[in-house]
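Okay, so here's the structure we're looking at.
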Amino acid sequence: MRGTHGWWRTAVVYQVYIRSFCDSDGDGLGDVDGIRGRLGYLRDLGVDALWVNPWYPSPQADGGYDVADYRDIGPTFGTLEAAKALIAEAHALGLRVLLDVVPNHTSVAHAWFREALASPPGSTARDRYVFRPGRGAGEAPNDWRSVFGGPAWREVPGADGEPGEWYLHLFAPEQPDLNWRNPEVTAEMLDVLRFWFDLGVDGFRIDVAHGLVKHEDLPDLGRDDEVLMGGPGDEDHPHWDRPEVHEIFRGWRALADAYDPPRVFVAEAWVPTSDRLAQYLRPDELHSAFDFTFIRAPWRAAALREAIERSLSAHARVGAPVTWTLSNHDVVRHATRLGRLDADPATALTALGGPTDLARGRRRARAAALLLLALPGAVYLYQGEELGLEEVEDLPDALRQDPVFVRSGGAVAGRDGCRVPLPWTRSGPSLGFGPSRGWLPQPTSWSGRSVEAQEADPDSMLHLYRRAIRLRQAHMTGLDSELQWLELGDDVLAFRTTPGVTLVLNTSAAAVPLPPGDLLLASGVVDGAALPPDTAAWLTSP
Ligand code: NOJ
């Protein structure tokens with residue numbers, strides 16, 4: 001393992017969406033042993049760590065983000081023994097392991113929630129969640145909306161035919177929100193972290209980190225809002241990004257720092273500005289948080305530069321590295337997004353359909369990989385992006401599992417299209433994902449995008465990622481957060497990293513001349529000193 005101090009500041013982390021990574025036992029869902037069997041692949045890719053999406057016992061109402069027991073492994077995924085073996089085997093290969101903690105809500109199947117339902121209003125058991133009486137017959141306590149659509153409240157039956165209380169669920173009704181004003185909740189979640197840290201886990205990605213604390217009075221929002229964040233000027237949003245969340249994370253940081261080596265956190269916090277995000281990254285709070293500004297930037301050099309500069313400067317003010325990413329299990333895969341014709345990039349993040357030039361999307365995705373991996377800070381890759389996988393937009397409705405699809409009555413297709421099982425081999429019932437068919441079907445064209453096919457092609461996306469990650473490790477360890485911008489015209493993004501390389505990205509429709517320096521790597525064919533459209537190159541810095 002490279003130096004332990006601050007490894008996370010410049011790490012390349014690979015997101016393992018466990019349900020779709022590798023299935024060892026043929027039940028159609030990926031599992032812990034499947035990951036164990038592919039650790040060599042991750043080592044060869046050159047990443048520093050893996051982040052595993054929730055693998056806990058769960059009814060899977062939201063792909064495992066409905067946790068029934070935070071201290072165990074779901075039987076479909078494996079056993080605690082297998083998880084311990086995975087941690088040890090990953091460490092032996094120099095890979096760190098991050099898990100996903102889901103502190104905003106539990107599953108309805110969690111022992112606490114079952115106890116709450118069996119207990120009367122006003123009981124200690126109910127106080128671990130957010131239960132309230134309705135405003136009138138059949139009327140929810142306030143106007144909050146669930147991120148997955150519909151009201152954020154569900155009524156439970158009262159005793160003897162009396163009206164029952166309602167409980168809050170900012171996500172699916174199967175995901176009741178915890179009451180973070182209750183000290184028992186704070187203590188329990190710290191203990192959950194301790195449990196996994198003691199098993200050697202290196203850190204956690206924090207689900208919905210900006211949502212834990214709700215306004216004490218639960219006031220109406222006053223608008224029909226189902227988004228994952230407030231807008232600028234929403235400083236006093238009743239349930240997103242409230243100031244009280246920061247105290248929770250100070251406690252988490254103190255716990256992580258008490259371990260040797262210290263454990264780390266990366267937050268999922270959809271807040272409207274980089275400055276608000278930086279608040280989570282003050283020295284006594286979280287280590288890192290995904291930067292969702294970059295992911296929404298249009299494919300234009302000037303817009304990309306503006307997003308990068310904004311994030312770098314906001315993070316620099318609190319001394320934190322930026323955590324860059326282009327895809328995850330909640331957004332449309334970027335090979336597709338970057339090929340959308342005339343789509344607003346923010347809308348393209350989740351909207352399906354619309355005219356798409358996939359060849360262009362893949363060309364840009366190759367260039368984007370070189371941009372991403374040259375940026376100072378940490379980088380999170382989403383499984384399959386190294387294969388250039390596209391969003392699968394034509395899944396049969398009957399197979400879709402995302403609660404977004406179910407709750408919108410099919411009006412919103414949801415996120416299953418970026419969660420299709422990985423293709424490992426050219427043939428087989430699930431292209432090597434497992435011994436039988438996977439939980440979602442893969443396009444037949446993915447035979448040619450499989451790991452096996454790409455291993456055999458030196459120009460493949462997989463080889464590009466491997467080379468870029470290796471070069472990043474060789475030339476850019478200890479990346480500084482400073483960039484030196486080169487002015488090569490409005491349609492060319494170019495910077496020097498310290499120490500490191502010169503990155504040049506051409507987002508115009510015509511070839512542009514390359515600046516001086518030896519070519520280290522290019523995302524496409526570079527003819528002489530001309531960089532073609534939608535292509536990026538790394539050069540030695542003079
Ligand atoms: C964010 C997770 O990434 C997403 O998949 C999940 O549906 C919500 N949080 C709710 O836990």
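Side chains included, hydrogens not; waters and symmetry mates left out as well; all remaining heavy atoms used.
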Checklist entry - Is any side-chain heavy atom of Leu199 closer than 4.5 Å to a side-chain heavy atom of Arg71? => result no
Item to check | Euclidean distance, Asp66 CG relative to Glu174 CD, rounded to 0.5 Å | outcome: 7.5 Å
Checklist entry - Should the pair Trp8 and His287 be assigned to parallel (<30°), tilted (30 to 60°) or perpendicular (>60°) ring geometry? => result perpendicular
Item to check | Derivation of the side chain to side chain donor-acceptor pair (under 3.5 Å) call for Asp236 and His215 | outcome: CA-CA 9 Å; Asp236 197 25; His215 191 299; 4.8 Å; no
Next on the checklist: What I want to check is whether the side chains of Thr356 and Arg340 have a donor and an acceptor closer together than 3.5 Å.
Outcome noted: yes
Next on the checklist: side chain to side chain contact (heavy atoms under 4.5 Å, CB included), that's the test. Do Asp202 and Val264 meet it? Break it down for me.
Outcome noted: CA-CA 6 Å; Asp202 299 281; Val264 305; 5.6 Å; no
Checklist entry - Can any side-chain N or O of Arg407 pair as donor or acceptor with the backbone N or O of Gly149 at less than 3.5 Å? => result yes
Checklist entry - Is the side chain of Ser146 donor-acceptor paired with the backbone N or O of Ala172 at a distance under 3.5 Å, no angle test? => result no
Checklist entry - Are Ile206 and Tyr280 close enough, and set up right, to give a side chain to side chain contact (heavy atoms under 4.5 Å, CB included), and what steps lead you there? => result CA-CA 12 Å; Ile206 307 169; Tyr280 289 75; over 6 Å; no
Next on the checklist: Would you compute the distance between atom CG of Leu99 and atom CG of Leu50 and round it to the nearest 0.5 angstrom?
Outcome noted: 9.0 Å
Checklist entry - When you measure from the side chain of Arg337 to the backbone N and O of Glu391, does any donor-acceptor pair fall under 3.5 Å? => result no
Item to check | Backbone of Asp27 reached by a side-chain donor or acceptor of Asp25 within 3.5 Å | outcome: yes
Next on the checklist: Between Trp270 and Glu268, do the side chains contain a donor N or O and an acceptor N or O under 3.5 Å apart?
Outcome noted: yes
Item to check | Gln383 and Arg38 side chains, donor-acceptor separation under 3.5 Å | outcome: no
Checklist entry - Does the side chain of Arg263 come within less than 4.5 Å of Val201's, by heavy atoms? => result no
Next on the checklist: With side chain to side chain donor-acceptor pair (under 3.5 Å) as the criterion, how do Tyr259 and Asp198 come out once you've worked through the C-alpha distance, each side chain's angles and the decisive distance to 0.1 Å?
Outcome noted: CA-CA 9 Å; Tyr259 279 81; Asp198 288 347; 2.6 Å; yes
Item to check | side-chain contact (heavy atoms from CB on, under 4.5 Å), paired with Arg333, selected from Val420, Asn328, Leu338, Leu389 | outcome: Leu389
Item to check | Donor-acceptor pair, side chain of Asp48 and main chain of Ala11, under 3.5 angstrom | outcome: no
Next on the checklist: Regarding Arg282 and Asp284, does a basic nitrogen lie under 4.0 Å from an acidic carboxylate oxygen?
Outcome noted: no
Item to check | Between His246 and Glu285, a side-chain donor and acceptor under 3.5 Å | outcome: yes
Item to check | Side-chain touch Ser20/Leu422, heavy atoms, less than 4.5 angstrom | outcome: no
Item to check | Gap separating the CG atom of Leu255 from the CG atom of Leu193, nearest 0.5 angstrom | outcome: 6.0 Å
Item to check | Reported OG-to-NE2 distance for the pair Ser58 and His110, which is rounded to 0.5 angstrom | outcome: 11.5 Å
Checklist entry - Do the side chain of Trp196 and the main chain of Tyr70 share a donor and acceptor less than 3.5 angstrom apart? => result yes
Checklist entry - Do Leu178 and Leu212 have side chains that get closer than 4.5 Å, going by heavy atoms? => result no
Checklist entry - Do Phe21 and Trp55 make the cut of ring centroids closer than 6.0 angstrom? => result no
Checklist entry - Do Val266 and Leu286 pass the side chain to side chain contact (heavy atoms under 4.5 Å, CB included) test, and can you show the C-alpha distance, the side-chain angles, and the key distance before you say yes or no? => result CA-CA 7 Å; Val266 55; Leu286 301 174; over 6 Å; no
Checklist entry - Going by the salt bridge (charged side-chain N to carboxylate O under 4.0 Å, His left out) test, which pairs reach into residues 408-417, not counting sequence neighbours? => result Asp62-Arg415, Asp330-Arg415, Asp402-Arg415
Checklist entry - Within the side chain of Ser327, is there an N or O that forms a donor-acceptor pair under 3.5 Å with the backbone of Tyr382? => result no
Checklist entry - Side chains of Trp180 and Pro103: does their closest heavy-atom pair fall under 4.5 Å? => result yes
Checklist entry - Can Tyr14 and Glu386 be counted as having a side-chain donor-acceptor contact under 3.5 angstrom? => result yes
Next on the checklist: Could you work out, with ring-ring contact (aromatic ring centres under 6.0 Å, His included) as the rule, every residue matching Phe405, not counting sequence neighbours?
Outcome noted: none
Next on the checklist: Using 0.5 Å steps for rounding, measure from the NE2 atom of His239 to the CG atom of Asp241.
Outcome noted: 12.0 Å
Next on the checklist: Taking ring pair (Phe, Tyr, Trp, His ring centres under 6.0 Å) as the criterion, tell me which of Phe265, Phe204, Phe197 meets it with Trp252.
Outcome noted: Phe265
Checklist entry - Quick one: are Thr323 and Asp291 in side-chain contact, heavy atoms under 4.5 Å? => result no
Next on the checklist: With no hydrogens and no angle check, just 3.5 Å: does a side-chain donor-acceptor pair link Gln60 and Arg19?
Outcome noted: yes
Can you give each donor-acceptor pair under 3.5 Å made by side-chain atoms of residues 121-131, sequence neighbours left out, with the distance rounded to 0.1 Å?
unit_1	atom_1	unit_2	atom_2	d
Ser123	OG	Pro120	O	2.7
Ser123	OG	Arg126	N	3.3
Arg126	NE	Ala116	O	2.9
Arg126	NE	Ser119	O	3.0
Arg126	NH1	Glu165	OE1	2.8
Arg126	NH2	Ser119	O	3.2
Asp127	OD1	Asn179	ND2	3.3
Asp127	OD2	Asn182	ND2	3.2
Arg128	NE	Glu184	OE1	3.3
Arg128	NE	Glu184	OE2	3.2
Arg128	NH1	Glu115	OE1	3.1
Arg128	NH2	Glu184	OE2	3.0
Tyr129	OH	Thr106	OG1	2.9
Tyr129	OH	Phe113	N	3.2

Checklist entry - For the residue pair Trp240 and Phe171, does the interplanar ring angle fall in the parallel (under 30°), tilted (30 to 60°) or perpendicular (over 60°) class? => result tilted
Next on the checklist: side chain to side chain contact (heavy atoms under 4.5 Å, CB included), that's the test. Do Leu440 and Val392 meet it? Break it down for me.
Outcome noted: CA-CA 10 Å; Leu440 288 173; Val392 182; over 6 Å; no
Next on the checklist: So that I can tick it off, tell me whether Glu247 and Arg242 are bridged by a salt bridge, with the cut-off set at under 4.0 angstrom between side-chain N and carboxylate O.
Outcome noted: no
Checklist entry - Does a sphere of radius 6.0 Å around CZ in Arg145 hold more than 12 heavy atoms from other residues, nucleotides or ligands, not counting ones at 6.0 Å or beyond? => result yes
Checklist entry - What is the ring orientation for Trp144 with Trp153, classed by angle as parallel under 30°, tilted 30 to 60°, or perpendicular over 60°? => result tilted
Checklist entry - Is there a donor in the side chain of Glu390 and an acceptor in the side chain of Trp446, or the other way round, less than 3.5 Å apart? => result yes
Next on the checklist: Quick check: Tyr65 with His105 (ring centres under 6.0 Å apart)?
Outcome noted: no
Next on the checklist: Check for me whether the distance between the ring centres of Tyr380 and Phe290 falls short of 6.0 Å.
Outcome noted: yes
Item to check | Test item: Gln442 side-chain N/O and Ser430 main-chain N/O as donor-acceptor pair under 3.5 Å | outcome: yes
Item to check | Test item: Arg135 and Asp220 side chains (from C-beta on) under 4.5 Å apart, heavy atoms | outcome: yes
Next on the checklist: Counting C-beta onward and ignoring hydrogens, is there a side-chain heavy-atom pair between Trp439 and Asp23 closer than 4.5 Å?
Outcome noted: no
Checklist entry - What's the spacing between Ser288 OG and Trp324 CH2 if we round to 0.5 Å? => result 13.0 Å
